[in-house]
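Let me begin by presenting the structure, written as structure tokens, before commenting on it.
We number each residue from 1, following the sequence as shown. Ligands are counted one by one from 1 in listed order, and the atoms in each one are counted from 1 as well. Predicted model only: the values in this text are computed from it and were never measured.
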Amino acid sequence: MNRTEELIQKDINHLWHPFTQMKLWPEEPPLIIEKGDKNWLIDTDGNRYFDGVSSLWVTVHGHNHPRIKAAIKDQLERLDHSTLLGLSHPLAVLLAARLAEIAPGDLKWSFYSESGSTAVEIGLKIAYQHWQQVGQTQRKTFVALENAYHGDTIGSVSVGGIDLFHKVYGPLLFDVHRLPQPHCRACRLGLKYPECDLACANALDDILEKHGPEVCALVVEPMMQGAAGMVAQPKGYLTRLYEIAQKHDILFMADEVATGFGRTGKMFACELEGIEPDIMCMGKGITGGTLPLAATMANDRVYNAFLGDFDEFKTFFHGHTYTGNPLACAAALASLELFSENRVLENLAASIDHLEKGLAKIAALKHVVEIRRQGMMVGIELALDKEADEPYEASERMGHKVIMAARKHGVIIRPLGDTVILMPPLSSTLEELDLLLAATEKAISEVTETA
Ligand code: PMP
């Protein structure tokens with residue numbers, strides 16, 4: 001056995017992979033990725049793959065960026081870890097201050113954790129406890145979107161709306177009110193945009209007319225639901241939700257775990273419609289894709305409920321061992337410096353434009369029924385019959401087949417059912433975007449036109 005084969009064998013024997021039916025694993029042995037080089041991943045046999053999903057939407061400036069590496073190494077010379085329970089450290093402070101500068105509206109307070117799921121879990125607990133503190137103890141529920149993904153902890157699955165995860169863990173979850181997914185092509189309400197006058201957003205008003213006084217917050221991914229299948233929200237949708245939430249005085253909680261840090265072309269997707277959330281969850285790209293870190297931000301309205309005379313129940317009962325780890329904070333600060341120095345957001349417009357133009361060829365393929373895009377987030381939905389909008393049988397796993405075919409053409413992409421996801425690093429060159437598009441097109445044609 002060579003080294004790769006040995007590693008694959010040990011992987012099959014010992015490693016339990018996330019979101020993976022392990023029985024299938026031996027038939028589809030993993031690539032063992034050993035190195036990163038800018039926007040590329042290199043396996044143990046030296047094969048190079050373009051990282052077309054930014055290693056699960058996290059890579060911003062390319063892998064192993066020298067500036068971020070240096071910041072982590074430099075911090076490692078000083079302090080590897082120290083707790084934020086009763087102590088503080090410079091980089092946790094500086095990062096919180098920087099996040100307050102760049103976050104939309106009056107978000108000012110940062111609570112650190114390690115993953116997007118925990119950022120959401122914390123947001124839910126903060127929202128709930130906020131209302132308890134201000135005496136509105138009847139507020140015990142949330143409103144969230146159908147088919148949403150907000151993470152995989154019990155609270156974040158509860159506000160998430162993906163049936164599969166609900167079926168398995170149902171008895172452990174709490175109920176929330178659901179808004180119809182704003183999916184214009186496949187409108188749940190059978191309406192057409194814009195004549196619909198955003199009926200799917202107006203549904204929030206109906207829910208709150210009835211249940212408003214029991215609701216803590218609306219939880220929503222702004223502008224584009226990512227892991228829900230890349231569902232782009234129509235113009236004005238987010239604004240409508242925001243206005244209705246304000247009218248009923250519930251908290252607005254934006255999950256920017258996927259959309260944050262430049263993904264949509266702005267630092268945060270909320271900026272695209274001038275939304276100022278009360279609570280905002282961020283993770284993934286916060287460290288540029290290096291170390292695990294997440295933050296849940298809150299404004300004064302939310303935070304101030306935790307102040308006042310001493311009362312132990314004003315404590316926010318949360319805080320992980322590695323909360324605000326100094327190495328991760330160093331990486332996040334260096335990544336944010338790179339955003340400014342390299343004018344990442346300003347330069348991104350050309351990449352987004354290039355991507356948009358390049359996607360036209362894929363949109364014309366026989367089995368591509370829709371392409372949904374927001375900035376550098378792309379979902380390409382496949383269908384058996386494009387005209388009749390008839391999906392493939394789930395058991396055919398067409399999305400999966402396409403991404404496996406794409407690997408042969410040197411790109412790593414991901415499926416969400418029969419929607420193929422492209423999430424290239426923000427640092428992708430135009431040539432790399434062309435390569436990603438060409439490989440995706442080839443893979444889709446090969447799989448769908450020979451099926
Ligand atoms: N919220 C959203 C919108 C996400 O896309 C994700 C991850 N896909 C999460 C939360 C959970 O993040 P993590 O996987 O880092 O826990």
Starting from [atom], locate the nearest protein heavy atom and write down its residue, its atom name and how far away it is, to 0.1 Å.
{"atom": "atom 14 (O) of ligand 1", "result": "S117 OG, 4.3 Å"}
{"atom": "atom 5 (O) of ligand 1", "result": "A258 CB, 3.6 Å"}
{"atom": "atom 9 (C) of ligand 1", "result": "V257 CG1, 3.7 Å"}

Side-chain donor-acceptor pair present, [X], [Y], cut-off under 3.5 Å:
{"X": "N39", "Y": "D51", "value": "no"}
{"X": "S113", "Y": "T118", "value": "yes"}
{"X": "H367", "Y": "Y392", "value": "yes"}
{"X": "T141", "Y": "E214", "value": "no"}

Nitrogen or oxygen of D152 less than 3.5 angstrom from that of ligand 1: no

Mind checking whether E221 contacts ligand 1 via backbone (N, CA, C, O), side chain (CB onward), both or neither, at a 4.0 Å heavy-atom cut-off? side chain

Looking at D255, T259, V120, the heavy atom closest to atom 1 (N) of ligand 1 belongs to D255

Within ligand 1, which atoms have a heavy atom of G116 less than 4.0 Å away? 11 (C), 12 (O), 13 (P), 15 (O), 16 (O)

Does the residue K284 have a heavy-atom contact with ligand 1, meaning some pair of atoms that are separated by less than 4.0 Å? yes

Carboxylate-amine/guanidinium proximity below 4.0 Å for E381 and R185: yes

Compute the ring centroids of F316 and H318, then answer whether they are less than 6.0 Å apart. yes

